[in-house]
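Counting convention: from 1, in listed order, for ligands and their atoms alike.
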Amino acid sequence: MSGIIGYCGKKPASGILLEGLKKLEYRGCDSAGICVGTDTGFRIIKKTGKVRDLKAIVPEEPFGQNGIGHSRWATHGGVTEENTHPHLDCTGKIAVVHNGIIENYSQIKEKLITKGHVFKSETDTEIIAHLIEDFYAGDLTQALRETAKLLKGTYGIVVMHNDLPNVLVGARNGSPLILGIGDKEMFIASDVNTMTSYTKQVVYLEDGEIITITPDEFHISDFHKKSANKTIKKVDWESEIIEKGDFEHFMLKEIYEQKESVVRGMAGRLNVNLATGHLGGLNMTNAELLNVERVIIVAAGTSYHAGLVAAYLLESLARIPASAELASELRYKNPIIQKNALYFVVSQSGETADTLHALRELKRKGAKVLGICNAVGSTIARETDGGVYIHSGPEIAVASTKAFTSQLVALYIFTLIMARIRDMSFEAGAEFVKQLQGLPDIIDKVLLKSEEIKKLVKKYSFAKSFLFLGRGINYFVAMEGALKLKEISYIHAEGFSAAEVRHGPIALINEETPSLFLVPDDRLRDKIISNIREVKVRKGKVIAVVVEGDDEVAQIADDVITVPSVSEYIYPFVMAVPLQLFAYYMALELGRNVDQPRNLSKSVTVG
Ligand code: M6R
């Protein structure tokens, strides 16, 4: 999604804005622009393409006092310089950047045109600049406040006025805005990563809040001028962490990081002596957890797949009814809140609009909702009744990889806690703890298959469509593998239960549609082998992810990727990693933009 950065302080603004935009680019960017206040007035530079394209036309010597910048991911209007933010009012004195969607923009635009305003872009954002122009009478904050009252939709907005050097004002409704407090300098951005090289002191704005900043102070109030008392929070990660290091892409780096990120997700959360787990953030006693009669996990995309795996695990090990629901569907279906049900919303970014709105709807109905998030201080993390940070570190590639396995770690530990409170014995709990502790080594072994997978994809890069097939708990990993492949290689792919193939998808099988089967050595192995044979008979090519030494499958399949043998419920980790590598190398082979695939953004804050 689009990204915002604003700066006022003692340093020349242009360099800081460009640096911030670079860090926002991962969210999806098809054009970028800056507006910088100088002694001679606004200097606005815009460019379609990536931030590097903008950087190429901005003077190398940093300049300006204050400024705002925006990386745009087009929603209203094509990818053109006219549609690139910042947008100006008729006088050219008010500049605006905006994330989100103004739903009633066309009605407002019509009225503004009748009043004589002249528009230069097709964006919804431009109306904000013209509304502020109408309301402005020397107080920019008040003008934005009056404007915000008229807007329907989602927004994070930052505004500057040519007559007010070193003042920025912002407003938030449904799209994040964060204040960074430095030494005689202030930052305001949609993403905390943009400011962590300068300050770790931040304030998160809530919906319905307006902020005014100067280099020395800030003031936050609501739309009715009531001052808000805000807590200054400390961000505890370094911005260096979002560098690619020796890796060609963030996605590959993040795939490799999983051997460490799963450890971070477990740190201090496994109790070997009691053979159970501990998740302090749940804010629930064991007695309260024992009263839970159902668990419902709500999420989107990859996080939803993690939820599906976890629901299966919760039913299997903790013997508690559990399900996963798509946030986008749940928020509109008037969900029934069962007494003693516990909800989890799972989100890497903590800003996904569908998940956030599902959370709010559930809370409005009185449900207890916990969060599983990666982004610290994100809106979902703040609005849930408690929850768990997965600590996988910033995930930059649009395709989610390490967040998936870290979400699983958190949900596996939750399952262990629930199971141990119920029927799981000490011995079984101890064994489960041991298996979780063994994850880094297992992931490391799977990563050794990287080169093999890289070679294998060349053989299959002809395919226009893929089936990903698994059973039991790995069915959901097959869905995740298909999502990974389609989003970054643009090859059509679907994940099915291998058993369901004969109920329809088998009609797709021919020499040109390969199937990728997940074949663990568990109780469903023989069933899967039958499914493979059915595909082979119909001339379908088969790649099987199999356990080392499984010669029977190796003989039937056209190609195999071998993985270590683990216990049944650990397979989702073991199976997910080769599928991530498969998608990565396929995208590379096809020359795709791996980290920023077309049409996608890292955090879907509209919905
Ligand atoms: O930030 P979230 O976990 O809430 O994001 C949910 C999905 O948008 C996300 O997982 C998406 O499907 C990824 N691009 C998948 O790789």
- Query: Does any N or O atom in Ala399 lie less than 3.5 angstrom from one in ligand 1, N or O only?
  - Reply: no
- Task: Evaluate side-chain hydrogen bond (donor to acceptor under 3.5 Å, both in side chains) for Thr405 paired with Gln258, printing each intermediate quantity in order.
- Result: CA-CA 7 Å; Thr405 44; Gln258 292 176 105; 2.7 Å; yes
- Task: Report the distance from atom CG of Leu308 to atom CD of Glu480, rounding to the nearest 0.5 Å.
- Result: 10.5 Å
- Note on the structure: of all protein heavy atoms, closest to atom 8 (O) of ligand 1 is Val604 CG2, 4.1 Å
- for atom 7 (C) of ligand 1, nearest protein heavy atom and its distance come out as Ala300 O, 3.7 Å
- Message: I'd like to check whether Ser349 has a polar contact with ligand 1, where a contact means an N/O of the residue lying under 3.5 Å from an N/O of the ligand.
- Response: yes
- Item | N or O pair under 3.5 Å between Gln407 and ligand 1 | no
- Query: For ligand 1, which atoms, with element, lie under 4.0 Å from some heavy atom of Val398?
  - Reply: 13 (C), 14 (N), 16 (O)
- Query: Any idea which atoms of ligand 1 are less than 4.0 Å away from a heavy-atom of Ser303?
  - Reply: 2 (P), 3 (O), 10 (O)
- Message: For Tyr312 and Tyr569, take the angle between the two ring planes, folded into 0 to 90°, and tell me which bin it lands in: parallel under 30, tilted 30 to 60, perpendicular over 60.
- Response: tilted
- Message: Is Lys484 close enough to touch ligand 1? Criterion: a residue heavy atom under 4.0 Å from a ligand atom.
- Response: yes
- Message: As an exercise, identify every atom of ligand 1 less than 4.0 angstrom from a heavy atom of Ser347.
- Response: 1 (O), 2 (P), 3 (O), 4 (O)
- Note on the structure: Output for pair (Ile297 CD1, Leu411 CG), nearest 0.5 Å, gives 5.0 Å
- What distance separates Ser190 OG from Leu205 CG, expressed to the nearest 0.5 Å? 12.0 Å
- Gap separating the CG atom of Asp595 from the CE atom of Met251, nearest 0.5 angstrom: 8.5 Å
- Query: With a cut-off of 4.0 Å, which atoms of ligand 1 are near a heavy atom of Thr302?
  - Reply: 10 (O), 12 (O), 15 (C), 16 (O)
- Working to the nearest 0.5 Å, report the span between CD1 of Ile543 and CG of Leu467. 11.0 Å
- Item | atom 5 (O) of ligand 1 - nearest protein heavy atom and its distance | Thr352 OG1, 3.4 Å
- Considering the heavy atoms of Glu487, write down every atom of ligand 1 situated less than 4.0 Å from one of them. 13 (C), 14 (N), 15 (C), 16 (O)
- Under 4.0 Å from a heavy atom of Ser400: give me the atoms of ligand 1 that qualify, with their elements. 15 (C), 16 (O)
- Which residue supplies the protein heavy atom nearest to atom 12 (O) of ligand 1, what is that atom called, and how far is it? Gly301 CA, 3.3 Å
- Message: Students often mix this up, so state it plainly: with edges at 30° and 60°, are the rings of Tyr460 and Phe466 parallel, tilted or perpendicular?
- Response: tilted
- Starting at CG of Leu362, measure out to CD1 of Ile296 and round the result to the nearest 0.5 Å. 8.5 Å
